[in-house]
Amino acid sequence: MQTTTSNQDHDIDPDTMDFYRRVLETLNESGVPFLVGGAYAFNHYTGVNRQTRDLDLFICRRDYERISAAVLPAGFETELTFPHWLGKIRFRDTYIDLIFSSGNAIAEVDDAWFDHATDAEVMGIPTKFCPVEEMIWSKAFIMERERFDGADVIHLLLTRAGEMDWQRLLERFEPHWRILLSHFILFGFIYPAHRNLIPTWIMDNLLERLEHEVHTDPPEIDICQGTLLSREQYLTDIHQQGLKDGRVIPFGNMTPKDTKRWTDAIAGDHDPN
């Protein structure tokens, strides 16, 4: 199944477009590695012409300060919005996201993202797109009431199955292999005529794990890992039922300070203003 690269530039006003281009050019000149993700990469890989509201750049956390120093002379400011996963480059009322992990702190950007990146051109500027495997990895956990990225995962599987590094994808999901299996099962439901695009060996691997787990006693620690899927919908399990938070060390990669800051931001995100 072939895809086409869509052009979204007409969806962005000229001032914002100029800001995006200047940042991309500045970062290219600086030599600090970055990847373009979000709608630009998704549209390229799937051929879906989704309108974009912003520009998502993926970076290693260690490079955030270098990027801040690089864009400052160009008149742009940066902020570390959420220290566990997200920063921003700002110019007036416009911003670019600098993403170095996921909101649940699972899908951390590391060197492998760049090793497997795809050469691309965005707004006429040479750059690289995030790898498909890492896009699936980061999107697979997003299951909020107001946002569910499962359809993105399914479309990436449909259009890029033939070139997927399935072993690397499987390794990315360790130890959260049930999430990957759930998306594979949905894929077969949504596209029954294409379910064979998912290799038999990886389905067998995951189903064997499931069968083994079903016949094994559950863990003694009463933990809720729903917080890895939604920062809001499972808070009652943590705060009222007393379950352990699957995001927090030693179970996850976040500190209690990270989770509080991430939770406190929910009210602002729901603010209609």
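Quick note: residue numbers are just sequence positions, from 1.
With salt bridges taken as basic N to acidic carboxylate O contacts below 4.0 Å, one links Arg172 and Asp110. Ion pairing between a basic and an acidic side chain is recognised when a charged N comes within 4.0 Å of a carboxylate O; Arg147 and Glu144 show no such pairing. The pair Asp63-Arg66 meets the salt-bridge criterion, since a charged nitrogen lies less than 4.0 angstrom from a carboxylate oxygen. Ion pair Glu134/Arg168 flagged as a salt bridge, since at least one NZ, NE, NH1 or NH2 atom sits closer than 4.0 Å to an Asp/Glu carboxylate oxygen.
Contact check for Val248 versus Thr255: no side-chain heavy atoms found under the 4.5 Å cut-off. Considering only heavy atoms from C-beta on, Pro83 comes within 4.5 Å of Arg261 through its side chain. Side-chain contact check for Met203 versus Thr200: every heavy-atom pair is 4.5 Å or farther apart. Annotation: side chain of Thr78 is in contact with side chain of Tyr64 (closest heavy-atom distance under 4.5 Å). Proximity of Cys130 to Val36: side-chain heavy atoms (C-beta onward) are nowhere separated by under 4.5 Å. Using a 4.5 Å heavy-atom cutoff, the side chains of Val153 and Leu157 are in contact. Looking at Ile67 and Ser30, their side chains never come closer than 4.5 Å, going by heavy atoms from C-beta outward.
Hydrophobic clustering (ILVMFWY, side-chain heavy atoms < 4.5 Å, transitive): Leu243 and Ile223 are in distinct clusters. Residue Ile142 is not grouped with residue Ile190 when hydrophobic side chains (ILVMFWY) are merged at heavy-atom distances under 4.5 angstrom, including chains of intermediate members.
Listed by first and then second residue, the ring-ring contact (aromatic ring centres under 6.0 Å, His included) pairs that reach into residues 216-255 come to none, sequence neighbours excluded. For residues 247-259, the salt bridge (Lys or Arg N to Asp or Glu O under 4.0 Å) pairs, not counting sequence neighbours, are Asp245-Arg247. A side chain to side chain donor-acceptor pair (under 3.5 Å) check over residues 86-96, counting only residues at least two apart or in different chains, returns the pairs Glu79-Arg90, Lys88-Asp97. Applying the salt bridge (Lys or Arg N to Asp or Glu O under 4.0 Å) test to residues at least two apart or on different chains, the pairs with a partner in residues 177-206 are Arg178-Glu213.
The environment of Glu163 atom CD is dense: over 12 non-hydrogen atoms of other residues, nucleotides or ligands sit within 6.0 angstrom.
Of the possible polar contacts, none joining the Asp149 side chain to the Lys139 backbone as a donor-acceptor pair under 3.5 Å is found. When atom types are taken as modelled, the side chain of Ser102 and the backbone of Ala107 share a donor-acceptor pair closer than 3.5 angstrom. Between the Trp166 side chain and the Trp201 main chain, no donor and acceptor come within less than 3.5 Å of each other. The backbone N or O of Thr227 lies less than 3.5 Å from no partner atom in the side chain of Ser230, so there is not a single donor-acceptor pair. A donor-acceptor distance shorter than 3.5 angstrom exists from the side chain of His183 to the backbone of Ala140, with no hydrogens or angles considered. Counting only distance, with no hydrogens or angles, the side chain of Glu133 and the backbone of Gln167 share no donor-acceptor pair below 3.5 Å. The backbone N or O of His212 sits less than 3.5 Å from a side-chain atom of Thr216, completing a donor-acceptor pair. A donor-acceptor contact shorter than 3.5 Å is absent between the side chain of Thr263 and the backbone of Lys260. Side chain of Tyr40 to backbone of Leu55: no donor-acceptor contact under 3.5 angstrom is found.
With rounding to the nearest 0.5 angstrom, the CZ atom of Phe34 is 6.0 Å from the CG atom of Leu57. Atom OG1 in Thr46 sits 8.0 Å away from atom CE in Met135 (nearest 0.5 Å). With rounding to the nearest 0.5 angstrom, the CZ atom of Phe42 is 13.0 Å from the CG atom of Asp56. How far NE2 of His176 is from CG of Leu229: 9.0 Å, rounded to the nearest 0.5 Å. To the nearest 0.5 angstrom, Ile96 atom CD1 is 9.0 Å from Asp54 atom CG. Taking CG of Asp264 as the start and CZ of Arg231 as the end, the distance is 10.0 Å to the nearest 0.5 Å.
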Could you go through Trp85 and Phe100, starting from their C-alpha distance and side-chain angles, then the distance that decides it, and tell me whether this counts as ring-ring contact (aromatic ring centres under 6.0 Å, His included)? CA-CA 5 Å; Trp85 80 284; Phe100 42 87; 8.0 Å; no
Please step through side-chain contact (heavy atoms from CB on, under 4.5 Å) for the pair Asn253 and Glu108, ending with a clear verdict. CA-CA 10 Å; Asn253 299 322; Glu108 180 182 1; 6.0 Å; no
Go through the steps for Leu235 and Ile266 under the test side-chain contact (heavy atoms from CB on, under 4.5 Å), then give the verdict. CA-CA 12 Å; Leu235 292 179; Ile266 293 173; 4.3 Å; yes
In sequence, state the C-alpha distance, the side-chain angles, and the governing distance for Leu170 and Ile202, and then conclude on side-chain contact (heavy atoms from CB on, under 4.5 Å). CA-CA 8 Å; Leu170 180 62; Ile202 197 171; 4.1 Å; yes
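The shortest heavy-atom contact between Ile59 and Pro33 is CG2-O, 4.2 Å. Nearest approach of Cys60 to Val109, heavy atoms of both residues: SG-O, 3.8 Å. For the pair Leu35 and Ala117, the tightest heavy-atom approach, listed with the atom from each and the gap, is CD2-CB, 3.5 Å. For Phe189 against Pro192, the heavy-atom pair with the smallest separation is O-CD, 3.5 Å. Shortest non-hydrogen contact noted between Leu158 and Leu197 is O-CD1, 3.9 Å. Contact record, Ile106 with Trp137: O-CZ2, 3.4 Å, taken as the closest heavy-atom pair.
Residues forming a side chain to side chain donor-acceptor pair (under 3.5 Å) with Lys244 (at least two apart in sequence, or on another chain): none. Applying the side chain to side chain donor-acceptor pair (under 3.5 Å) rule to Asn28 yields no partners; only residues at least two apart in sequence or on another chain are considered.
Thr118 and Tyr45 share a donor-acceptor pair across their side chains, judged by distance under 3.5 Å alone.
The ring of Phe82 has its center closer than 6.0 angstrom to the ring center of Trp262.
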